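Just so we're clear, the structure is a prediction, and the values are computed from it rather than from any experiment. Throughout, a chain's letter reflects where its sequence line sits, starting with A, and its residues are numbered from 1.
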Number of protein chains: 2
Amino acid sequence: MGIVRKTKGVTTILKFFNQKGEATSVVHLIDLLKDKMNKTTVYRILDRLEHDGIIHSFNGKDGLKWYAKSIGCSADQHLDEHPHFQCTKCDKVECLPVEVKIPTIKNHKIDSTNILLLGKCEACSD
Amino acid sequence: MGIVRKTKGVTTILKFFNQKGEATSVVHLIDLLKDKMNKTTVYRILDRLEHDGIIHSFNGKDGLKWYAKSIGCSADQHLDEHPHFQCTKCDKVECLPVEVKIPTIKNHKIDSTNILLLGKCEACSD
DNA sequence: ATATTTTCGCAACTTTGTTGCATTAACAGT
DNA sequence: ACTGTTAATGCAACAAAGTTGCGAAAATAT
Ligand SMILES: [Mn+2]
Ligand SMILES: [Mn+2]
Ligand SMILES: [Zn+2]
Ligand SMILES: [Zn+2]
């Protein structure tokens, strides 16, 4: 189930994603909010926000779970099919508003993609 | 460091990859070999084999670590830049011998890619 | 055969994420 | 504004994946 009650925690996390704009790992968010709410609560609020299409999740390098704000999604329509970029130096992640063409694979029905590009971000390039 | 001594454990895991051919999650391999060797040993042998370019690793869905045999790689040259397919029903993973064109991203130097395609495999399609 | 040093097993630990349950707090209805 | 319902939270305990340190065992070099 998605968000039903607008609790203090929900408001806090919503504000975070609206202000910050950037993607965040769950680990980082838990640490950031450790004085305000329990980690279980963070996980559960993120679940509900994703269910409602307000944020979307993906796996960064090392398999860590990340979240970022969604645009144009709802509980019915999750159309966040975009690749992500992660810097191997500073670990920052960006949602990439581009389309990656996936070749058709014989005898395989592809439902979704999970594309992570690794490299150096602008700030970390030398 | 890579493989220096050809131990029983190394031989067992090498044989596994040569015979089976398919990709395997570390978790599965540990379970399969639980009577023959310790999980720490499995992790360490996989590390060394990957370092030597004999196998390669990637993250499957839920961020789990998987390994598969490499072709044409060495300790110096790791050129396993291919996407992977994972079935959402039976969890099976396949290395895909295709090339995915990644558009250039302004101000970003992309060093490697991590592409996981999710869907139904041939056996699981209805 | 013996010495050297890599590799292994084991136990303990870390990190990420989940579950159950009692308590708290939204909020709908009056 | 008060009250009842139930969603949401905190907490503690747990689970799974993966790592570390160290003494013992097993490869391999001499
Ligand atoms: Mn995104
Ligand atoms: Mn592969
Ligand atoms: Zn960077
Ligand atoms: Zn399947």
Whole-Å distance, Lys8(B) NZ to dT28(D) P, equals 14 Å
Asn59(A) CG to dG17(C) C1', in whole Å, measures 12 Å
Whole-Å distance, Tyr43(A) OH to dT15(C) P, equals 12 Å
Margin query: So Lys6(A), base contact, sugar-phosphate only, or nothing? Heavy-atom distance under 4.0 Å.
Written below: sugar-phosphate
dA8(D) OP1/OP2 closer than 4.0 Å to side-chain N/O of Thr7(A)
no
| said: Classify Thr40(A) by what it touches in the nucleic acid, base, sugar-phosphate, or nothing, heavy-atom distance under 4.0 Å. | reply: base
When rounded to the nearest 0.5 Å, the distance separating NZ of Lys61(A) from OG of Ser112(B) is 10.0 Å
- request: Look at Arg5(B) and dA25(D) and indicate whether a side-chain polar atom (N or O) is within less than 4.0 Å of OP1 or OP2.
  value: no
Separation of dT19(D) atom C1' from Asn38(B) atom CG, nearest Å, is 12 Å
Tightest non-hydrogen contact, residues Lys6(B) and Thr11(B), listed as CG-OG1, 3.8 Å
Notebook entry, point to check: Hey, does His56(B) have a side-chain heavy atom less than 4.5 Å from the side chain of Tyr67(B)?
Noted result: no
Separation of dG10(D) atom C1' from Lys34(A) atom NZ, nearest Å, is 17 Å
**Message:** Any heavy-atom pair between the side chains of Thr113(A) and Ile115(B) that's under 4.5 Å?
**Reply:** no
Note to self: Between the base of dG18(D) and the side chain of Arg44(B), is one N or O donor paired with an acceptor at under 3.5 angstrom?
What the structure shows: no
- Find out whether Ile13(A) and Met37(A) are in side-chain contact, i.e. whether some heavy atom of one side chain is under 4.5 Å from a heavy atom of the other. yes
His51(A) NE2 to dA7(D) P, in whole Å, measures 14 Å
| task | For Leu64(B), answer base if it contacts any base atom (sugar-phosphate contacts may also be present), sugar-phosphate if it contacts only those atoms, and nothing otherwise; contact means non-hydrogen atoms under 4.0 Å. | result | sugar-phosphate
Between CG of Asp31(A) and C1' of dG17(C) the distance, given in whole Å, is 16 Å
TODO: For Ile45(B), report the nucleic acid contact type (base, sugar-phosphate, nothing); a contact means any heavy atom under 4.0 Å.
DONE: sugar-phosphate
Quiz item: What nucleic acid atoms does Lys65(B) come within less than 4.0 Å of, heavy atoms only: base, sugar-phosphate, or nothing?
Solution: sugar-phosphate
In whole angstroms, the gap separating C1' of dG17(C) from OH of Tyr67(A) amounts to 11 Å
Sorted by position of nearest nucleotide on DNA chain C, 5' first, the leading residue of Ile3(B) and Lys39(B) is Ile3(B)
